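The structure appears right after this line, and notes come after that.
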Amino acid sequence: MNLCDRLRAHAAEKPLSTALLCGDRSMSYRELDRTSTALARWFLDQGLKSGDRVALHWPNSIEAVQLFFGVFKAELIAVTVNTRLKPSEIGYILDHSQSKICFSEPALASAAEQSGTGCPIRGALPSLPATDSSASCLPALDPDQPAVILYTSGTTARPKGVTHSHRSLFETAAMMAQDLVRGDDIVLVVTQMMHAAALNVG
């Protein structure tokens, strides 16, 4: 079991229920599943292969969640980039992680572009098809395969990449869901999803 399996199950069981709220916007489970599948297909169409790194330099938003699930579904590895980092710090993470592409939210993209890295910077999500995308051509996820690399703060040395598997993400989320939330509770995600607490809990 992994987070992508749970998303597909929710999309089938309660497709119109709200999955995400952000400002005055919302997204249903069905739409989150559809758009993240379309993103996964887009990643693969760009020639990205299993285990390739995709950097996410994006504040908490619906788009950030779409990107995480799209990366996971394509069997790629998400590399989180703190939104408060300076260009040189962003460049270090992109180069150290060997990221193939960096999605940087439009308001943050200039910092990523000034990082001096050879990693392509993309300031917006690609255009996605309006019709349902089939998940049948997506790879089957190995629960023990790396899913995300979270970088430490680097207060005493260079930041270090800490790898989490699909299994560890799922088990942490399942534990939090069992012990802290119930039914249709709404979880407020305050800290950045580029950090472990918000990503694992939210």
Side-chain angles (χ1 to χ4, degrees), residues 2-4 7 19-23 25 27 32 35-36 39-40 43 48 51-117 119-126 145-173 175-176 187-202:
N2 57 63
L3 293 178
C4 299
L7 174 57
L20 301 169
L21 294 166
C22 186
R25 300 171 59 205
M27 179 171 282
L32 176 57
T35 55
S36 59
L39 265 173
F43 285 131
L48 295 176
D52 282 347
R53 278 82 163 175
V54 175
L56 306 183
H57 180 228
W58 213 282
N60 290 1
S61 62
I62 288 174
E63 289 80 8
V65 180
Q66 290 174 296
L67 282 166
F68 273 114
F69 274 108
V71 169
F72 295 160
K73 287 181 177 183
E75 206 176 36
L76 306 172
I77 302 172
V79 175
T80 62
V81 181
N82 191 317
T83 58
R84 300 182 67 180
L85 294 182
K86 298 174 183 177
S88 62
E89 296 169 321
I90 296 171
Y92 171 78
I93 289 176
L94 297 182
D95 290 340
H96 183 264
S97 65
Q98 300 180 330
S99 292
K100 298 292 187 181
I101 187 171
C102 174
F103 280 84
S104 187
E105 193 264 345
L108 302 171
S110 62
E113 290 164 354
Q114 295 168 32
S115 66
T117 180
C119 176
I121 309 298
R122 189 176 178 97
L125 270 64
Q145 182 177 14
V148 64
I149 300 174
L150 297 167
Y151 272 82
T152 62
S153 60
T155 52
T156 59
R158 285 285 201 178
K160 298 171 181 63
V162 181
T163 303
H164 294 262
S165 68
H166 288 282
R167 185 189 303 276
S168 66
L169 290 181
F170 176 79
E171 293 296 342
T172 303
M175 178 182 66
M176 301 305 295
V187 177
L188 178 63
V189 182
V190 179
T191 56
Q192 290 184 42
M193 285 186 289
M194 301 304 123
H195 295 296
L199 179 62
N200 288 339
V201 178

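Note that the structure is predicted; figures quoted are calculated from it, not measured.
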When you measure from the side chain of [X] to the backbone N and O of [Y], does any donor-acceptor pair fall under 3.5 Å?
{"X": "E89", "Y": "K86", "answer": "yes"}
{"X": "T80", "Y": "M194", "answer": "yes"}
{"X": "N60", "Y": "M193", "answer": "yes"}
{"X": "Q192", "Y": "T83", "answer": "yes"}
{"X": "T172", "Y": "L169", "answer": "no"}
{"X": "S99", "Y": "I101", "answer": "no"}

Nearest-0.5 Å distance that lies between atom [atom1] in [X] and atom [atom2] in [Y]:
{"X": "F72", "Y": "F43", "atom1": "CZ", "atom2": "CZ", "result": "11.0 Å"}
{"X": "H57", "Y": "L85", "atom1": "NE2", "atom2": "CG", "result": "6.5 Å"}
{"X": "C102", "Y": "I121", "atom1": "SG", "atom2": "CD1", "result": "4.0 Å"}
{"X": "E63", "Y": "L56", "atom1": "CD", "atom2": "CG", "result": "12.5 Å"}
{"X": "L32", "Y": "L20", "atom1": "CG", "atom2": "CG", "result": "5.5 Å"}
{"X": "S61", "Y": "M27", "atom1": "OG", "atom2": "CE", "result": "10.0 Å"}

Where is the tightest heavy-atom contact between [X] and [Y], given as atom of each residue plus distance?
{"X": "I77", "Y": "G51", "value": "CD1-O, 3.5 Å"}
{"X": "G70", "Y": "A40", "value": "O-CB, 3.4 Å"}
{"X": "P87", "Y": "A111", "value": "CB-O, 3.4 Å"}
{"X": "G123", "Y": "P106", "value": "O-CG, 2.9 Å"}
{"X": "A112", "Y": "S115", "value": "O-OG, 2.6 Å"}

Contact check, side chains of [X] and [Y], non-hydrogen atoms, under 4.5 Å:
{"X": "N82", "Y": "H195", "answer": "yes"}
{"X": "L76", "Y": "R53", "answer": "no"}
{"X": "Q66", "Y": "L125", "answer": "yes"}
{"X": "N2", "Y": "R167", "answer": "no"}
{"X": "P126", "Y": "F103", "answer": "yes"}
{"X": "I149", "Y": "V162", "answer": "no"}
{"X": "L108", "Y": "P59", "answer": "yes"}

Regarding S36 and K73, is there a side-chain donor-to-acceptor distance under 3.5 Å anywhere?
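K73 and S36 do have a side-chain donor-acceptor pair below 3.5 Å.
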Derivation and outcome, side-chain contact (heavy atoms from CB on, under 4.5 Å), residues L150 and V148:
CA-CA 6 Å; L150 297 167; V148 64; 4.2 Å; yes
Worked verdict on C4 versus F69 for side-chain contact (heavy atoms from CB on, under 4.5 Å):
CA-CA 7 Å; C4 299; F69 274 108; 4.1 Å; yes
Check the pair K160, Y151 against side-chain contact (heavy atoms from CB on, under 4.5 Å), reporting the backbone distance first and the verdict last.
CA-CA 5 Å; K160 298 171 181 63; Y151 272 82; 5.8 Å; no
